[in-house]
Amino acid sequence: MQNPPYRGRIAPSPTGLMHVGHACTFWTAYQRALEHRGTLVFRDEDLDPQRSKADYATAMLEDLQWLGIRWQEGPDVGGPFGPYEQSRRREFYRETWRKLRDGGFIYPCTCSRKDLTMSAAAPNEGDDEPMYPGRCRERIGDAKQYESPAGVNWRFRVPDDEVIRFEDLHLGAQSYVAGRDFGDFVVWRRDDVSSYQLAVVADDAAMQITEVVRGADLLKSTARQLLLVRALGLPVPGYYHCDLVRDEAGVRLAKRHDALSLRTLRETGKTAEEVLRMCQVY
Ligand SMILES: [Zn+2]
């Protein structure tokens, strides 16, 4: 059987100015799509209404274009798999939530933020989600009583002790143990917003993405997402995780928001070529 045509994506969040650390990853995604003579999709991950700003969404399109990245589908150019803004795909995520509910994969979690901070272990570096202690796990049978996800957090029940393996196209063999490296993760938030994990898996499948290129800080999220992919019966994309760009002191560039936005570099007279050299030099 022939492989489907290459479809890659760049998926920034408009929660600030585009940062050189992220831009380097998007540049790699662009190069991978070019090498495969594939299609590159631009997806605006403006999922979080509190943190996403329309001005930043415009700026990231402009800044990546200035850098020289070109895409064939996106919020500015349209395409057959739109809309390309996550804020306009809510009904679609809700449908994915229903499938997970009906399949018995998720449960409502009523733990307060305070409950969780008191019992949870501190998250590891690069991992935004603390380990959930599992207090509401037994409520998995209650899930079908919910017509709508709003009002509680929804968690995916991970298969304890299962080893999740995948071959990263850049970093090689990876493995994580469910229930030990990560716990039952949130797929829907009580403020009625889909989690990053659910939205990304649903969108990558709907947009027929064949290869996911992103930063190595998301390796563990890939293990979580593979569980969602399996639960939903979706095709598994290839994964290519980029090394995180660090400065001379070893600090991740993405952590230094001050002077390293593309906007600032551009305004201080740097050329796109000079910015791209930062991706290799550091
Ligand atoms: Zn709970």
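Both ligands and their constituent atoms are indexed starting at 1 by order of listing. All values derive from a computational prediction rather than experimental measurement.
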Subject >> C242/C24 sulfur gamma separation below 2.5 Å >> reply: no
Original post:
Protein N/O/S atoms under 2.8 Å from the Zn ion (ligand 1): how many?
Top reply: 4
Original post:
In terms of side-chain geometry, is the basic nitrogen of D142 or R139 positioned less than 4.0 Å from the acidic oxygen of its partner?
Top reply: yes
Subject >> Qualifying salt bridge (charged side-chain N to carboxylate O under 4.0 Å, His left out) pairs with a residue from residues 191-213, counting only residues at least two apart or across chains >> reply: R9-D204, R32-E211, R43-D203, R43-D204, R89-D203, R90-D192, R94-D192, R189-D191
**OP:** Give a yes/no verdict on a cation-pi contact between R155 and Y132, requiring under 6.0 Å between NZ or CZ and the six-membered ring centre and an angle within 45° of the axis.
**Re:** yes
Original post:
Do S221 and R214 meet the criterion of a side-chain donor-acceptor pair at a distance under 3.5 Å?
Top reply: no
Original post:
W154 and ring pair (Phe, Tyr, Trp, His ring centres under 6.0 Å): which partner among F105, Y146, Y107?
Top reply: Y146
